[in-house]
There are 2 protein chains.
Amino acid sequence: MAQRNLPPVTPAGFQVLLALAGGRAHGYGIMGFVGEITGGSVQLGPGTLYRTLARLAADGLVQEAPGMSEDEPHDARRRYYQLTDLGRQVAVREAELLERLTAAAVDAGLLDGQARTA
Amino acid sequence: MAQRNLPPVTPAGFQVLLALAGGRAHGYGIMGFVGEITGGSVQLGPGTLYRTLARLAADGLVQEAPGMSEDEPHDARRRYYQLTDLGRQVAVREAELLERLTAAAVDAGLLDGQARTA
DNA sequence: TCGGATATATCCATCTCGGATACAACGAGA
DNA sequence: TCTCGTTGTATCCGAGATGGATATATCCGA
């Protein structure tokens with residue numbers, strides 16, 4: 001269980017943390033990722049995205065990462081980010097909250113309560 | 001699957017819909033319910049609560065319900081609310097989004113991916 | 001080399017949130 | 001029945017978050 005005095009995050013902040021939990025990514029990629037996993041129902045605009053990244057970085061939840069990669073073509077414009085240890089702790093805490101809310105939705109009959117891990 | 005042209009809801013709005021999915025409730029009770037199922041990590045203030053209820057009612061997602069009940073003592077101050085059909089559809093859609101995000105969190109290694117239905 | 005797509009960044013109006021405040025009605029006890 | 005603390009609803013306000021528009025620079029294919 002997480003739950004200490006970790007800093008709070010906004011909804012958009014959690015989306016970014018979740019996108020980065022799978023590995024480092026750059027801003028534009030995060031936008032696409034969020035749109036994908038939410039089926040398009042959540043779409044971060046550039047304003048929200050870069051402001052959120054700046055805040056998360058200032059709070060020590062994410063940090064810029066070296067951009068070298070093998071498979072992907074090098075693009076000097078891209079700035080890659082990755083989770084810090086603190087950022088991962090916060091992401092875990094928020095994920096646990098999500099899980100609790102999902103369970104409550106199942107209890108309330110809003111969901112069937114079976115399918116998992118797409 | 002839900003997903004038509006249902007109106008959007010704010011995070012606070014979904015908390016209220018979730019609270020009402022289990023049956024009708026009054027404002028003060030909703031506040032307590034939200035605090036409970038989130039382990040205290042989400043707490044709606046009165047400002048957010050009543051503003052949210054008014055907006056949900058204006059959008060046709062909830063409606064005021066007759067307050068007669070057997071077990072509970074009658075209290076003329078209380079105003080009970082319940083989900084409309086539309087409100088339930090929206091709640092289902094949001095719950096499905098939650099489920100998808102939870103699954104993504106499992107995939108990203110933030111959650112173990114077992115325990116359910118507290 | 002030209003143009004469209006990619007990528008980052010900032011600005012602005014609008015909306016949302018939570019706390020403070022106000023006030024009315026309830027119940028218990030003297 | 002009178003008083004008082006609690007319950008319950010409602011509004012107001014400042015602070016902060018959102019998303020869309022805009023600007024600018026770089027990459028890549030034709």
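Just so we're on the same page: letters track the sequence lines, and every chain starts at 1.
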Just how far, in rounded Å, is [atom2] of [N] from [atom1] of [X]?
{"X": "B:Y28", "N": "D:dT6", "atom1": "OH", "atom2": "C1'", "value": "8 Å"}
{"X": "B:Y50", "N": "D:dT11", "atom1": "OH", "atom2": "P", "value": "11 Å"}
{"X": "A:Q15", "N": "D:dT18", "atom1": "CD", "atom2": "P", "value": "10 Å"}
{"X": "B:L49", "N": "D:dT11", "atom1": "CG", "atom2": "P", "value": "12 Å"}
{"X": "B:M31", "N": "D:dT6", "atom1": "CE", "atom2": "P", "value": "16 Å"}
{"X": "A:Y81", "N": "C:dT8", "atom1": "OH", "atom2": "P", "value": "8 Å"}
{"X": "B:R78", "N": "D:dT9", "atom1": "CZ", "atom2": "P", "value": "7 Å"}

Once side chain to side chain contact (heavy atoms under 4.5 Å, CB included) is applied, do any residues pair with [X], and if so which ones, sequence neighbours excluded?
{"X": "B:A104", "result": "A:L18, A:I37"}
{"X": "B:T48", "result": "B:A12, B:L44, B:R51, B:T52"}
{"X": "B:Q82", "result": "B:R24, B:Q63, B:A65"}

### Query
Using purine N1 to pyrimidine N3 plus N6-O4 or O6-N4 for Watson-Crick, or N1-O2 and O6-N3 for G-U wobble, each under 3.5 Å, what pairs with D:dA30?
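Pair assignment: D:dA30 / C:dT1.
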- By salt bridge (charged side-chain N to carboxylate O under 4.0 Å, His left out) - contacts of A:E64 (at least two apart):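 A:E64 satisfies salt bridge (charged side-chain N to carboxylate O under 4.0 Å, His left out) with A:R79 once adjacent residues are dropped.
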Going 5' to 3' through nucleotides 16-26 of chain C and flagging B where a protein heavy-atom sits under 4.0 Å of the base, S where only the sugar-phosphate is that close, and - otherwise, we get SBBBB---BBS
Requested in this report: State the CG-OG1 distance between B:L17 and B:T84, to the nearest 0.5 angstrom.
Outcome: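 The distance works out to 8.5 Å.
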Start with the C-alpha distance between B:I30 and B:Q15, add both sets of side-chain angles, then the distance that settles side chain to side chain contact (heavy atoms under 4.5 Å, CB included), and finish with yes or no. CA-CA 9 Å; B:I30 294 173; B:Q15 299 289 340; over 6 Å; no
